[in-house]
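Just so it is clear, the structure is predicted and the values come from calculations on it, not from any experiment.
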Amino acid sequence: MIDLKALRENPDRFKLGAQRKGVSVDIDRVIELDSHIRSLTTERETLKAEQNRLAKESGPKIGQLMGKLKAASGDERAAIEAEVNELRSKPAKLKTQVSVFEEQLALLEPELRDLLLLIPLPPDDDVPVGTSADDNVELSTWAPEGYDLSKSFEANRGFAPKTHIELIESLGLVDFERGVKVAGTRSYVLTGDGMRLHQAILRYAFDRMVDQHGFTPMSVPVLVRGEAMEGTGFFPAGRDQTYHIEESKRGAGHDMYLTGTGEVGLMGLHADEILDKADLPLKYVTVSTCFRREAGAAGRDTAGLYRIHQFDKVEQVVICEADEKASRDWHKQMIAIVEDLLQSLGLPYRLLQCCTGDLGVKNADMIDIECFMPGRGDLDDNERPTGAFGETHSASRLYDFQCRRLNMRYRDESEDGKKQTVFCHSLNNTVAASPRILIPILEMYQNEDGSVTIPEALRTYMGGVERLGED
RNA sequence: GGUGCGGUGGCCGAGCGGCUGAAGGCGCUCGACUUGAAAUCGAGUAAACCCGAAAGGGUUUCGUGGGUUCGAAUCCCACCCGCACCGCCA
């Protein structure tokens, strides 16, 4: 949720932001509704104040008169009754007047709310303007000693790489056929060492977050109420991407949704809370199963483990004070954590500055981290892939966009010493999403004989196994 | 699935038609005492929105929505959520 006051003061900033993000939303209508609602509100409140005043004034009088009435009779009685009726009628008149305004407001307020939910957070000025992923900007690359990203995998290693799909098949790590049998397209079953490697990377990443980076480990619901989806900014825009459990159709009180990221559960934890400033920043890590419908991605990445409906992800979330510098610093730190992890695994990667058109409604800034996948990319003359980077991580900086929607605040003192409540800032970043991360691991660690070496860091999580596919 | 109970401020908890934006406690802030701290004592301390340069004023909010009433945290209705016990069960 954006700040309505800020929009009122500077609508152009939000118009430009929406335009740069490629989101079409009628901001002029929002301004019109807002000013209309405010003038109606003022009138209603004036009447209401008068009504309250009268009620306070005439209440005791009515009480007194009613007392007298008991003892009175004849003309005196009639006079008292008339006076009581008079006293009662004034507030009643106001009440009908108030209800006229209330009816009008009841029509306009939901419209404003619905529109507000659609207005994107304007991208920061230092985010490059662009319309699609093609306009994203590479910031840096990293590769382990002895691997030169400017050369092909074959030039580096002396043999042509197999794709992760080929390696998976020959090593028996995944059963796609049976996955599809059980759950349909884009489903899979990790088998044997495939499942073990999947668990190994998740646990390795999770443990590092807790042990080395001091994040608080959490388990969170992946089946959540709509409020959590809306609060985190995934609704209404991302409804299509979300599995919807229509429990209300079965008589339950409300529907449920399967989350596409642990971010939803983690951010939902403190919704509607006023936090203690001393408790910030909150640093949470969770590992959760993620569900994505991948609507609109029909035909893209249909083979292999790249684009699937269900996966597991270690996710980091930071909730910090409302300070741009703090947000920016945490963003860098959270990216550094991932770089450190990837370097410990010896996986080549690059940092990609997402352009405005690739940000989504809730981000001010987003850095994607892409691992190098030798089995991806365009095909060469021999119909073999030439290798390409593939997104494995995404680091978002959201300012107070989510915390406004979630109503997550903390107490602070303003410069003049006054106490106030402030919306927190939030950030999130992938730590490791598997099985997608298995793609670069398998493809980069493959050997000429078709075996795959287990990265050293993961071996303790693999019962000491050093190599898959060894005779 | 059955039965019972309940949802009040940052937290706990009282109130059960007007004097209640809400007792009391905890927490927090400031002050006194103290070499300092603890303890103790005193004062203060809800949120959102609107008007205002500010001082200040107004409206709303006791789960949500509707109703009764001159007036509702308090009465009525519907809904949501939670807890306890029983049944079933990983």
Closer than 4.0 Å, any side-chain N/O of A:Thr41 to the OP1 or OP2 of B:U59? no
Applying a 4.0 Å non-hydrogen cut-off, can you work out what A:Arg250 is touching in the nucleic acid: base, sugar-phosphate, or nothing? nothing
Give one of base, sugar-phosphate or nothing for A:Lys277, where a contact means two heavy atoms less than 4.0 Å apart.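 The answer is nothing, as A:Lys277 stays clear of every strand by at least 4.0 Å.
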Give the rounded distance in Å between these two atoms: CG of A:Asp276 and P of B:C26.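 Rounded to the whole Å, the gap is 18 Å.
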Tell me the interatomic distance from A:Glu102, atom CD, to B:C49, atom P, rounded to whole angstroms.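 Those two atoms, CD and P, are 19 Å apart.
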If pairing requires Watson-Crick or G-U wobble contacts with both distances under 3.5 Å, which nucleotide is the partner of B:U3? B:A84
Provide the Watson-Crick or G-U wobble partner of B:A78, both distances under 3.5 Å; none if there is no partner. B:U64
Both A:Thr46 and A:Lys5 contact RNA chain B. Taking the nearest nucleotide for each, which residue is further toward the 5' end? A:Lys5
Nearest nucleotide by nearest heavy atom, which residue falls closer to the 5' end of RNA chain B, A:His254 or A:Arg409? A:Arg409
Note: A:Arg328-A:Asp126 ion pair, threshold 4.0 Å (strictly below):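 Yes, A:Arg328 and A:Asp126 are salt-bridged.
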Would you mind checking if A:Lys15 and A:Asp28 are paired as a salt bridge, meaning a charged N to carboxylate O distance below 4.0 Å? yes
Please determine which of A:Asn428, A:Asp124, A:Asn363 meets the side-chain hydrogen bond (donor to acceptor under 3.5 Å, both in side chains) test together with A:Arg397.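 Result: among A:Asn428, A:Asp124, A:Asn363, A:Asp124 is the only option passing the side-chain hydrogen bond (donor to acceptor under 3.5 Å, both in side chains) with A:Arg397.
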Which label fits A:His270 and A:Tyr284: parallel for a plane angle under 30°, tilted from 30 to 60°, or perpendicular past 60°? parallel
Of the listed nucleotides B:U59, B:C81, B:A47, the one nearest the side chain of A:Ala49: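 Among B:U59, B:C81, B:A47, the one nearest the side chain of A:Ala49 is B:U59.
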Could you check which of B:U59, B:C49, B:C81 has an atom nearest any side-chain atom of A:Arg225?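 Selected nucleotide: B:C81.
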